[in-house]
Amino acid sequence: MPTEPVPPDPERDDDPARAAGEPDAPGPAGEVPAGWRQLPPSQQDWLTQDEWIAWLDSTGPGEWDDPGEDPGDAAAQPHDPAQPRAAAKAGRGARAVKGGRRGPGQPGSARRAADDSPGPAGAFAAGHLLDTAAGGAALFGFAENAAGDDDRFAGSSDDELTGVICALDRVEAAASALKHAAVGEMIRRRPDPGCEPVLDEPGRWEEFTASELAWALADTRWAADNMLDLASTLAVKLPGTRAAFRSGMLRQSKVEIIAAAVVNLDPGEARAAEALVLDRAGRLTPGGLRAAIKRAVIQVAPDKAVKRREKGEQEARVERWPELSGNAGLAGRELPPADVLAADQRITWWARQLKKAGLDGDMDQLRARAYIDIMLGRDSRLLAHPEPPASTDAPDTTAPDGTDGEQGGPGRQAPDDPRGGGPRDAGSGPPDPDGTRTPPVPGVIPAGFAGRINLTIPLATVLGLADRPGEMPGLGPIDPALARDLAYAAAQNPKTSYCVTVTDQQGHAIGHGCARPEPKNHTRTGKPSGDHDPPGRPSTSLRPEFTFTASGDHGPPGGYGAWRLSTGLPGRPDLLIALDPIAIDTCDHRFEARGHDPGVKLRHLTQIRHATCTGPTCRRPSTQSDFEHNIPYEAGGRTCLCNTSPKCRHEHRLKQHPRWKVEQITPSTLRWTTPSGRQYLTEPTRYPI
């Protein structure tokens, strides 16, 4: 949300491109500006006049009586009683589509053009043939010819180059539309056995169709489900949007906005809502289109709009994700709008307190810091002032329009403290998980982190011998500096556990062992106990000094020896680690269990070898997946590394479907065969090396 009050009607679905002085804007009294010539209406439309009238007739009576709030419809043509109703509707509703401006990148977007331009890109000039042509293979061929061998579009003017860009945008949309048509055909060939087939329309699809599509495209099952949903919605509910998509008039992102908005509507209602926006959908920005179709859905089926909002409340959640920069994101979804506005105001207020305290950063940066402060119950003002301020200043809630309150109307006052309940001491806040309150310490990972998250960090990085990336589940790769900081923070907590994995040159795990404390009768490293932080509380005064040395023992047969790991912290025992081998190409069955259920070590080693589900595109952690026999135990399959792997419940059930096949061709490699006969291999996890 904006950090300041927003202007009125931020998503008004008008056409900002209709500005005076632009090529499509009429001059005084409708005169054509100098240097331009009037062109006849384009015949390269995505629907013919007859097709358009037929489609309008199919939407039902009265649905085009109010074509929407587009300012371009202000001069709608009056109805001539002598005309048939369909023709009159076409004259009014189709005016903006067939004869009006369609916005940047849409066929017919320019109604006037300057003189003809020579060269291979000349036909892409404003208003010329290729500037108004529908997307497709032919248009792509012309654009490729204009690009030349070096893709520099030699000899083209800026106008022609812009026309090429817009044409290729239509080509891209047309190709995507054809792909979704093919997905629709896949739905027809993979019908849900529990649903009645619908003549010439894709219905619900068989349960594992999304997996088959996801594997083919190396994408997630969630993305494949969305593709199946969109293909079905276009075929069943949105014929006009599908036609505009196929011709390239609407790119996929805008098609998805329309399809998502009508998800709860039946086909008749969806087409009625579509008709209210389709004439201007191509020229609207995504925000404007989202507002227009949302308004249309509420107008067509207000009761269903209410039910959708109420259903969304049941899907409230908090999401986290990795940012490409190496940082992370955190957001709440499907929250009550009033609560979101109130929380947003509180974040802004606290950000202003941080600014008054002298913290550096613009409002975006300070709002982000305020957000984390409120979530963790801390006070970042201590970064600027080591001693807590005696009191909290009253917030400045004056809005730019002179009223009191911040996006909340006259008289609305923000609370005296971002956590509510009136003023508090600056260092107070919700307690940490161990019951204490911890102020922020510059450059230190927050207390409460240590020992609660799995980290994978190259040993050379921890020891300071190399700068190799680490990895954190749920966030992905992390840079070496952050990896070391996290390792040092984890070492402060005596409950932190350690495991060591040996990898080959490809990063596959070939050996693994978990640490256990050295017996108490052995000599401990580091300073004697007594001069260190209390148990359970992270030390902020000492920096760990990790060492990893041979213990002198041989370790497990065929393994990788036994080792001693030390954190260098006072009072902490050294840790002993024996490294067992992990079966990759061959198996000696040393960890085989006699019954169906695995032992602790066997289960753990399968989860190390494959850190995620072994489905070709699944990313569910193996610790949250089933321990699955490839050849069923009841059919004589071993409970061993050579016949087991982690599979999420979905892939476990998929593997049992008679049209699917899974083979464990080596202890660590699985081959999956889909109903179409295509095969996909799953290799062991590649760890950072």
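Quantities reported herein were computed from a predicted structural model and do not represent experimental measurements.
By the side chain to side chain contact (heavy atoms under 4.5 Å, CB included) test, D588 pairs with R590, sequence neighbours left out. With sequence neighbours left out, W563 forms a side chain to side chain contact (heavy atoms under 4.5 Å, CB included) with F548, A550, L579. Shown here are the salt bridge (Lys or Arg N to Asp or Glu O under 4.0 Å) partners of R309, two or more places apart in sequence or in another chain: E313. Evaluation of the side chain to side chain contact (heavy atoms under 4.5 Å, CB included) rule for R671 yields E663, I665, Q679, L681 as partners, not counting sequence neighbours. Legend: residues meeting salt bridge (Lys or Arg N to Asp or Glu O under 4.0 Å) with D597, ordered by chain and number and at least two apart, are absent. Qualifying disulfide (SG to SG under 2.5 Å) partners for C587, counting only residues two or more places apart in sequence or in other chains: none. Scored by the side chain to side chain contact (heavy atoms under 4.5 Å, CB included) test, P477 finds no partners at all (sequence neighbours excluded).
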### Query
Where do F627 and L602 land on the side-chain contact (heavy atoms from CB on, under 4.5 Å) test, with the steps shown first?
CA-CA 10 Å; F627 178 89; L602 173 58; 4.0 Å; yes
### Task
Show your reasoning for whether side-chain contact (heavy atoms from CB on, under 4.5 Å) applies to T644 and E628.
CA-CA 5 Å; T644 59; E628 199 266 346; over 6 Å; no
### Message
One pair to check against side-chain contact (heavy atoms from CB on, under 4.5 Å): T348 and M363. What are the steps and the verdict?
### Response
CA-CA 8 Å; T348 297; M363 278 303 293; 4.3 Å; yes
### Task
Please lay out, stage by stage, how N630 and V662 fare under the test side-chain contact (heavy atoms from CB on, under 4.5 Å).
CA-CA 7 Å; N630 189 64; V662 185; 3.7 Å; yes
### Chi angles and distances behind the disulfide (SG to SG under 2.5 Å) call for C618, C613
CA-CA 6 Å; C618 186; C613 165; 3.8 Å; no
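Among residues at least two apart or in separate chains, side-chain hydrogen bond (donor to acceptor under 3.5 Å, both in side chains) pairs with a member in residues 602-611 are H512-H604. Applying the ring-ring contact (aromatic ring centres under 6.0 Å, His included) rule to pairs touching residues 581-602 yields H596-H629, H596-Y633, sequence neighbours excluded. Note on residues 324-339: pairs passing side-chain hydrogen bond (donor to acceptor under 3.5 Å, both in side chains), not counting sequence neighbours, are E319-R333, S325-N327. Among pairs with a residue in residues 547-557, none fulfils side-chain hydrogen bond (donor to acceptor under 3.5 Å, both in side chains), at least two apart in sequence or across chains.
Between the T639 side chain and the G595 main chain, a donor and an acceptor come within less than 3.5 Å of each other. Not a single donor-acceptor pair under 3.5 Å links the side chain of R543 to the backbone N or O of Y488. Although no hydrogens or angles enter the test, the distance criterion places no donor-acceptor pair under 3.5 Å between the side chain of Y680 and the main chain of T617. Between the side chain of T503 and the backbone N or O of Y687 there is no donor-acceptor pair closer than 3.5 Å. One N or O on the side chain of T496 and one on the backbone of N493 form a donor-acceptor pair closer than 3.5 Å. Using a distance-only test at 3.5 Å, with no hydrogens or angles considered, no donor-acceptor pair links the side chain of T612 to the main chain of R619. Counting only distance, with no hydrogens or angles, the side chain of D574 and the backbone of E518 share no donor-acceptor pair below 3.5 Å. Side chain of R369 to backbone of G361: no donor-acceptor contact under 3.5 angstrom is found. In this structure, E315 contributes its side chain and G312 its backbone to no donor-acceptor pair below 3.5 Å.
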With a cut-off of 3.5 Å and sequence neighbours excluded, list every side-chain donor-acceptor pair involving residues 213-225.
| unit_1 | atom_1 | unit_2 | atom_2 | d |
| --- | --- | --- | --- | --- |
| T220 | OG1 | A223 | N | 3.0 |

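The two residues D580 and Y560 come nearest to each other via the heavy atoms O-CD1, 4.4 Å. Contact record, R620 with C648: CD-CB, 3.6 Å, taken as the closest heavy-atom pair. Nearest heavy atom pair, residue V462 against residue A487, reads CG2-CB, 4.4 Å. Of all the heavy atoms in L575 and A515, the pair that sits closest is CB-CB, 3.8 Å. Considering every non-hydrogen atom in both L576 and P519, the closest pair reads CD1-CD, 4.2 Å. Nearest approach of Q664 to N643, heavy atoms of both residues: OE1-C, 3.2 Å.
Atoms OG1 and CG, from T461 and L482 in turn, are 11.5 Å apart once rounded to the nearest 0.5 Å. With rounding to the nearest 0.5 Å, the separation of OG1 in T614 from CG in L670 is 5.0 Å.
Between the side chains of S211 and H650, at least one donor N or O sits under 3.5 Å from an acceptor N or O.
Side chains of I372 and R378 form a contact here, defined as non-hydrogen atoms less than 4.5 Å apart. Contact check for Q492 versus T567: no side-chain heavy atoms found under the 4.5 Å cut-off.
Salt bridge E207/R653: present, at least one basic N to carboxylate O contact under 4.0 Å.
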